[in-house]
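Below: one structure, written as structure tokens.
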Amino acid sequence: MDLPSTSSQSTLQTIAVVGLGTMGTGIAEVLARAGREVIGIDISDTATRRATASLAAATARSVTRERITEQEREGVLARFRTFTELTAAADADLVIEVVPEDYELKQRLFRELDAIVRPDTILATGTNALSVTRLAAESQRPERVLGLHFFNPAPAMKLVEVVSSVLTAPTAVEAVTVLARELGKEPVSVGDRPGFVADGLLFGYLNQAAAMYESKYASREDIDAAMRLGCGLPMGPLALLDLIGVDTARTVLEAMYSSSGDRLHAPAPILGHLAEAGLTGQKSGRGFYTYEEPGSSTIVRDAQTPLDGARLGEGRPVSSVGVAGSGTMASGIAQVFAQAGFAVVLAARSQEKADAAKAAIGKSLGRAVSKGRLTEDGAAQTLALITPAGSLDAFADVDLAVEAVAEDLAVKQELFAALDKVCKPGAVLATTTSSLPVIAVARVTSRPQDVIGMHFFNPAPAMKLVEVVRTVLTSDDVHATVREICTKVRKHPVDCGDRAGFIVNALLFPYLNNAVKMVEQHYASLDDIDAAMKLGGGYPMGPFELLDVVGLDVSLAIEKVLHKEFRDPGLAPSPLLEHLVAAGCLGRKTGRGFREYARR
């Protein structure tokens with residue numbers, strides 16, 4: 001059978017979109033704006049009228065904003081025709097179905113299309129959860145069936161995943177890839193597996209967030225704030241689940257689990273409970289959060305909403321702070337406290353290292369002055385509040401001691417044993433560990449009730465999040481003290497229990513590990529996966545960009561801690577990551593990780 005030949009310009013000029021819900025209407029708008037003749041088909045007259053009205057309103061806004069002329073708007077509207085019968089697709093070069101995620105419904109649609117369209121017409125499914133191969137196998141011409149997965153809202157989102165089955169003809173893939181580029185999209189070619197790239201990585205992460213909330217490890221507000229502020233994500237995972245639809249997420253995860261058998265993809269029970277109760281998120285007015293009304297994105301208070309200004313009790317007075325360490329994190333934390341007006345003792349293993357750390361802070365403050373974020377007087381006053389010291393003995397009078405040394409349990413335990421002897425009674429002792437058990441350092445002291453975790457994020461002056469980690473022995477007033485201190489230094493505290501990864505790393509690193517496994521299995525390239533997560537998920541960095549920045553050795557160490565703690569086979573570090581670390585390819589700091597970097 002002959003499929004459309006391709007060149008630098010797409011031959012797909014007349015395109016039918018079957019299913020005029022939110023996604024179908026958005027795809028139709030993209031196509032009509034790009035000069036294609038669009039045949040919109042839906043069995044519901046209401047849906048076709050709504051789609052026409054939506055396009056009219058969207059193009060009217062574009063005219064008002066002077067993005068298109070009125071004449072151009074009339075052309076767009078003229079190119080969009082709607083029908084309630086599938087036979088309207090008879091002359092289409094491409095049919096894109098965006099009907100509900102149900103195998104029987106989609107298979108029946110493809111069988112009907114077989115009898116209607118031309119032999120060379122390409123049939124595309126918009127599924128993000130079902131097997132393209134299985135749908136293709138039901139068609140009389142499986143070589144012309146592929147997946148074309150747009151992201152919502154289709155007019156704004158740049159990513160399009162072009163999904164091939166083992167039956168798909170390369171010419172069909174090429175034709176829709178050229179089309180996607182002409183639509184102003186970024187096409188990513190992937191194979192057929194549930195979730196493809198973007199949703200395959202995203203939904204595993206969302207599922208773990210739902211399970212974390214279900215276990216009562218952290219509140220919904222703290223989980224969402226942690227991932228927004230700690231990872232720079234546009235939305236927290238639970239709010240995103242409400243936007244996507246809890247029932248939709250459950251369907252995608254069920255499909256992923258049936259394919260992978262990975263327990264990380266087994267839908268968290270709470271997703272089923274909410275879906276079965278009709279609490280599907282924004283569209284129903286209630287999901288993980290409660291909304292003003294069905295379809296609204298405005299969150300309103302409910303029984304789980306924290307009380308404004310709720311106090312945790314009286315904290316301890318803190319006027320002076322000790323920071324132990326001389327690296328980037330220690331310097332950053334010392335700068336944060338000094339900028340908030342606290343007297344800071346910065347202690348390192350030698351006076352020389354401590355002086356160098358203070359000098360680094362001076363340079364950081366200088367950069368802030370040059371960018372207009374700080375005055376020269378402000379920088380000078382901040383630096384004057386920092387006293388460098390070559391010994392922990394300088395911590396004798398501090399009210400809060402914060403360690404920021406190497407992520408090594410033995411090193412931290414030795415330091416806390418020393419702090420126990422040096423610091424005055426009642427001083428709060430905090431560790432900045434990102435993966436080690438806080439209780440393990442607390443127990444080497446004679447006052448474990450005074451020990452707590454304060455996990456700052458790098459760079460500390462810029463990152464707003466602090467994970468506050470209390471152990472089963474941490475006293476209430478120490479917890480209250482640290483929460484108050486976070487507010488005074490203009491950070492957002494989130495409460496975590498003392499378990500590996502806390503919130504951010506426990507959700508972030510399994511996602512990164514799954515991305516490595518995709519490459520390991522030759523499913524998609526580094527560039528395609530990074531592009532998919534930035535363009536389809538709104539991530540500030542792709543997973544491989546982030547791994548190379550964090551350091552592959554650091555990432556591997558955290559993944560090993562998570563695997564040891566939770567004993568889940570799905571959390572086992574990817575062999576590819578282990579091999580790269582063993583080869584000394586640690587990321588940007590060595591000039592080579594998943595990618596190569598120019599030496600400075």
Side-chain angles (χ1 to χ4, degrees), residues 208 212 215 217-218 222 226 230-231 322-330 332-333 347-349 392 400-420 423 428-458 460 463 465-474 478-479 482 486 493-510 512-513 547 550-568 571-573 577-578 581 586:
Q208 288 177 280
M212 179 181 281
S215 71
Y217 174 68
D222 279 354
C231 294
V323 179
S326 58
T328 304
M329 183 58 81
I333 293 170
R349 286 178 292 177
L392 289 177
L400 167 65
V402 182
E403 72 78 14
V405 298
E407 192 72 347
D408 181 292
L409 183 57
V411 171
K412 291 184 187 291
Q413 287 177 324
E414 182 181 353
L415 178 65
F416 268 78
L419 290 175
D420 189 33
C423 294
V428 175
L429 310 182
T431 171
T432 61
T433 182
S434 64
S435 58
L436 300 173
V438 177
I439 192 66
V441 295
R443 288 300 304 276
V444 302
T445 73
S446 62
R447 40 176 154 176
Q449 71 279 3
D450 293 340
V451 178
I452 195 167
M454 283 185 80
H455 180 211
F456 287 80
F457 287 73
N458 201 20
M463 298 295 280
L465 181 69
V466 176
E467 290 177 319
V468 178
V469 188
R470 64 182 303 178
T471 76
V472 290
L473 300 178
T474 303
V478 165
H479 179 225
V482 170
C486 287
V494 296
D495 283 327
C496 313
D498 184 21
R499 75 179 201 190
F502 312 135
I503 295 174
V504 173
N505 286 348
L507 295 178
L508 174 64
F509 281 89
L512 295 175
N513 196 37
L547 281 161
V550 171
L552 272 57
D553 52 338
V554 174
S555 302
L556 179 60
I558 292 172
E559 289 179 11
K560 284 181 174 178
V561 168
L562 291 172
H563 186 223
K564 182 180 178 182
E565 174 103 339
F566 297 107
R567 309 295 175 93
D568 191 320
L571 295 176
L577 181 61
E578 294 186 302
V581 172
L586 308 183

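Each of D450, V451, V482 was compared with V428 under the side chain to side chain contact (heavy atoms under 4.5 Å, CB included) criterion, and only V482 meets it.
Residues S434 and I558 share a closest heavy-atom pair of OG-CD1, 4.4 Å. In this structure, G497 and V469 approach most closely via the heavy-atom pair O-CG1, 3.6 Å. Among all heavy-atom pairs drawn from A348 and S326, the shortest one is CB-CB, 3.8 Å. The two atoms that bring A324 and V405 nearest to each other are O-CG1, 3.8 Å, heavy atoms only. Contact detail for L562 and A506: the closest heavy-atom pair is CD2-CA, 4.0 Å. Heavy-atom minimum distance, G453 versus V438: N-CG1, 3.9 Å.
At least one donor-acceptor pair under 3.5 Å links the side chain of E467 to the backbone N or O of V504. The main-chain N or O of Q449 is never found under 3.5 Å from a side-chain atom of T474 such that the two would form a donor-acceptor pair. Here the side chain of T432 pairs a donor or acceptor atom with the backbone of E403 at under 3.5 angstrom. When atom types are taken as modelled, the side chain of E407 and the backbone of S435 share a donor-acceptor pair closer than 3.5 angstrom. Remark: side-chain polar atoms of D498 are not paired, donor with acceptor, to backbone N or O of V472 under 3.5 angstrom.
Atom CG of residue D553 and atom CG of residue L577 lie 9.5 Å apart, to the nearest 0.5 angstrom. Atom CE of M329 sits about 4.0 Å away from atom CG of N458, to the nearest 0.5 Å. Residue Q413 holds its CD atom at 9.0 Å from CG of D408, rounded to the nearest 0.5 Å. In this structure, the separation between CZ on F416 and OG1 on T445 is 8.0 Å, given to the nearest 0.5 Å. For the atom pair CG (L586) and OG (S555), the distance works out to 10.0 Å, reported to the nearest 0.5 Å. Note that CG of L415 and CZ of R349 are 11.0 Å apart. Values are rounded to the nearest 0.5 Å.
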From CA spacing to verdict: side-chain contact (heavy atoms from CB on, under 4.5 Å), F502, T433:
CA-CA 10 Å; F502 312 135; T433 182; 4.2 Å; yes

Please step through side-chain contact (heavy atoms from CB on, under 4.5 Å) for the pair E578 and K560, ending with a clear verdict.
CA-CA 10 Å; E578 294 186 302; K560 284 181 174 178; 3.8 Å; yes

Verdict with reasoning, C496 to H455, per side-chain contact (heavy atoms from CB on, under 4.5 Å):
CA-CA 10 Å; C496 313; H455 180 211; over 6 Å; no

L473/I439 under side-chain contact (heavy atoms from CB on, under 4.5 Å): CA gap, chis, key distance, verdict:
CA-CA 8 Å; L473 300 178; I439 192 66; 3.7 Å; yes

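For the pair H479/V468, a side-chain contact is recorded, criterion being any heavy-atom separation below 4.5 Å from C-beta on. With contacts defined as side-chain heavy-atom distances shorter than 4.5 Å, the pair L392/L419 qualifies. Between P448 and T471 the shortest side-chain heavy-atom distance does not fall below 4.5 Å. Looking only at side-chain heavy atoms (C-beta outward), P437 and E565 stay at 4.5 Å or farther from each other. Taking the side chain as every heavy atom from C-beta outward, L571 and F509 never approach each other to under 4.5 Å.
In the model, S446 has a side-chain atom that pairs as donor or acceptor with a side-chain atom of D420 under 3.5 Å.
At most 12 non-hydrogen atoms from other residues, nucleotides or ligands lie less than 6.0 angstrom from CZ of R443.
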